[in-house]
*Asks:* 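Mind having a look at this structure? Questions to follow.
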Amino acid sequence: QVQLVESGGGLVQAGDSLRLSCAASGLTFTNYAMAWFRQAPRKEREIVATISRGGSNIYYADSVKGRFTISRDNTKNTVYLQMNRLKPEDTAVYFCAADHYGVGRVSAVLYDHWGQGTQVTVSS
């Protein structure tokens, strides 16, 4: 049974930092590209960042480029999202997802497995 478990969310002030983690089990982690998506109230789920199975290909949404960093540790089956200079508009539930295709695609419908999400709230 595949499980993706996110952690690290919370309530912070604008300008602060958070580091999200997503621990994967029940799959061969190195076969999967990983991604972070987010969904704010009354909005569609959107891509935040992706990382290929080996970590060489990385994509960021324009809204987070230069502030967020995605990384993975294949020895720990974990993907991370370091979020710096947080803004109120970053407030959302953040989900990690796994894609068997491996290169890191941006469409949510292409992802095979999802975590339950972790809430990030940024106050102004």
Side-chain angles (χ1 to χ4, degrees):
Q1 179 184 357
V2 176
Q3 282 194 311
L4 302 178
V5 180
E6 300 99 334
S7 61
L11 171 63
V12 296
Q13 293 186 331
D16 285 350
S17 298
L18 277 176
R19 189 195 196 201
L20 305 184
S21 299
C22 172
S25 61
L27 53 71
T28 303
F29 188 68
T30 51
N31 285 351
Y32 286 79
M34 300 298 295
W36 288 95
F37 290 80
R38 66 187 181 186
Q39 188 164 17
R42 298 174 298 281
K43 291 189 176 181
E44 291 189 357
R45 192 167 297 190
E46 63 175 5
I47 186 69
V48 175
T50 71
I51 186 166
S52 59
R53 58 169 65 104
S56 58
N57 292 326
I58 289 176
Y59 166 87
Y60 294 104
D62 287 344
S63 58
V64 307
K65 203 172 292 184
R67 299 187 298 122
F68 290 12
T69 302
I70 189 171
S71 62
R72 64 190 294 161
D73 186 339
N74 286 346
T75 67
K76 296 181 179 179
N77 288 4
T78 301
V79 61
Y80 304 97
L81 186 68
Q82 177 67 43
M83 305 186 294
N84 298 329
R85 303 198 308 277
L86 282 160
K87 304 175 181 180
E89 50 264 44
D90 294 319
T91 295
V93 177
Y94 283 70
F95 299 89
C96 74
D99 176 12
H100 73 279
Y101 193 69
V103 298
R105 299 182 286 184
V106 300
S107 175
V109 299
L110 299 173
Y111 281 73
D112 307 283
H113 307 291
W114 291 84
Q116 82 288 350
T118 185
Q119 176 71 47
V120 172
T121 304
V122 185
S123 64
S124 57

*Asks:* Where do Ala98 and Tyr32 come nearest, in terms of heavy atoms and distance?
*Replies:*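 Smallest interatomic distance, heavy atoms only, reads CB-CD2, 3.7 Å.
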*Asks:* Could you give the distance from NZ (Lys87) to OG (Ser124), rounded to the nearest 0.5 Å?
*Replies:*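 Those atoms lie 13.5 Å apart.
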*Asks:* Which atoms form the tightest heavy-atom contact between Met83 and Val120, and what is the distance?
*Replies:*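 Shortest heavy-atom separation between Met83 and Val120 comes out as CE-CG2, 3.9 Å.
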*Asks:* Working to the nearest 0.5 angstrom, can you tell me the gap between Thr69 OG1 and Leu81 CG?
*Replies:*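 It is 8.0 Å, given to the nearest 0.5 Å.
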*Asks:* Using atom types as modelled and distance alone, determine if a side-chain donor or acceptor of Asp112 lies under 3.5 Å from a backbone N or O of His100.
*Replies:*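 Yes; at least one donor-acceptor contact below 3.5 Å.
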*Asks:* If hydrophobic clusters are built from ILVMFWY residues whose side chains come within less than 4.5 Å, do Val64 and Trp36 share one?
*Replies:*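 As far as the 4.5 Å side-chain criterion goes, Trp36 and Val64 are connected within one cluster.
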*Asks:* With no hydrogens and no angle check, do the side chains of Asn84 and Ser17 hold a donor and an acceptor under 3.5 Å apart?
*Replies:*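 Side chains of Asn84 and Ser17: pair found under 3.5 Å.
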*Asks:* Identify, with sequence neighbours excluded, every residue that meets side-chain contact (heavy atoms from CB on, under 4.5 Å) alongside Asn31.
*Replies:*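 For Asn31, the residues satisfying side-chain contact (heavy atoms from CB on, under 4.5 Å) (neighbours in sequence not counted) are Thr28.
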*Asks:* To the closest 0.5 Å, what do you measure between OG1 (Thr78) and CG (Leu20)?
*Replies:*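 Taking OG1 in Thr78 and CG in Leu20, the distance rounds to 12.5 Å.
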*Asks:* Are the side chains of Thr118 and Val93 in contact, using a 4.5 Å heavy-atom criterion?
*Replies:*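 A side-chain contact is absent here, since even the closest heavy-atom pair is not under 4.5 Å.
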*Asks:* What's the separation between atom CD in Glu46 and atom OG in Ser63, rounded to the nearest 0.5 Å?
*Replies:*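 These two atoms lie 5.5 Å from each other.
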*Asks:* Can you tell if the side chain of Thr121 reaches within under 4.5 Å of the side chain of Val12, non-hydrogen atoms only?
*Replies:*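 Not touching, per the 4.5 Å side-chain cut-off.
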*Asks:* If a pair satisfies disulfide bond (SG atoms under 2.5 Å apart) and one of its residues is in residues 36-124, list it, with sequence neighbours excluded.
*Replies:*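 For residues 36-124, and leaving out neighbouring residues, the disulfide bond (SG atoms under 2.5 Å apart) pairs sorted by first residue read Cys22-Cys96.
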*Asks:* Is it true that the side chains of Thr91 and Glu89 contain a donor and an acceptor less than 3.5 Å apart?
*Replies:*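 There is no such pair (donor and acceptor under 3.5 Å, judged by atom type) between the side chains of Thr91 and Glu89.
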*Asks:* According to the interplanar angle, ranging from 0 to 90°, do the rings of Phe37 and Trp114 count as parallel (below 30°), tilted (30 to 60°) or perpendicular (above 60°)?
*Replies:*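 Correct class here is tilted.
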*Asks:* Whether Arg38 engages the ring of Phe95 as a cation-pi pair (distance to the six-membered ring centre under 6.0 angstrom, angle to the ring normal within 45°) should be assessed.
*Replies:*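 No, cation not above the ring by the 6.0 Å, 45° rule.
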*Asks:* Can you tell me how far the CD atom of Gln119 sits from the CD atom of Glu6, to the nearest 0.5 Å?
*Replies:*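 Rounded to the nearest 0.5 Å, the CD-CD separation comes out at 12.0 Å.
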*Asks:* Just by modelled atom types, is the Asn57 backbone N or O under 3.5 Å from a matching donor or acceptor in the Ser52 side chain?
*Replies:*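 Yes, because the side chain of Ser52 sits within donor-acceptor range (under 3.5 Å) of the backbone of Asn57.
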*Asks:* Could you report the tightest heavy-atom contact between Ala40 and Ala92, atom names first, then the distance?
*Replies:*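 Scanning both residues, the minimum pair turns out to be N-CB, 3.8 Å.
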*Asks:* Would you find a donor on one side and an acceptor on the other, under 3.5 Å apart, between the side chain of Arg72 and the backbone of Phe29?
*Replies:*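 The answer is yes, because a donor-acceptor pair under 3.5 Å joins these two groups.
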*Asks:* Listed by chain and number, what are the salt bridge (Lys or Arg N to Asp or Glu O under 4.0 Å) partners of Arg19, not counting sequence neighbours?
*Replies:*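 Residues passing salt bridge (Lys or Arg N to Asp or Glu O under 4.0 Å) with Arg19: none at all.
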*Asks:* Side-chain contact, heavy-atom cut-off 4.5 Å: Ile70 with Ile58?
*Replies:*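 They are in contact (side-chain heavy atoms under 4.5 Å apart), so the answer is yes.
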*Asks:* Which atoms form the tightest heavy-atom contact between Tyr111 and Ala97, and what is the distance?
*Replies:*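 So the minimum-distance heavy-atom pair works out to CD2-CB, 3.5 Å.
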*Asks:* Look at the aromatic rings of Tyr94 and Phe68 and report parallel, tilted or perpendicular, splitting at 30° and 60°.
*Replies:*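 Rings of Tyr94 and Phe68: tilted, 30 to 60°.
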*Asks:* Any heavy-atom pair between the side chains of Val122 and Gln13 that's under 4.5 Å?
*Replies:*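 Contact flag for Gln13/Val122 side chains = no.
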*Asks:* Distance check, rounded to the nearest 0.5 Å: Asp99 atom CG versus Ser107 atom OG?
*Replies:*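 Answer rounded to 0.5 Å: 9.5 Å.
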*Asks:* For the residue pair Leu86 and Arg67, what are the closest heavy atoms and their distance?
*Replies:*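 The answer is CA-NH1, 3.8 Å.
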*Asks:* Specify the closest pair of heavy atoms between Gly104 and Ala33, including all atoms of both residues, with the distance to one decimal.
*Replies:*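 In this case the closest contact between Gly104 and Ala33 is N-CB, 3.3 Å.
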*Asks:* May I ask you to test the Ile47-Tyr60 pair for a side-chain heavy-atom distance under 4.5 Å?
*Replies:*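 With C-beta onward as the side chain, the pair stays apart.
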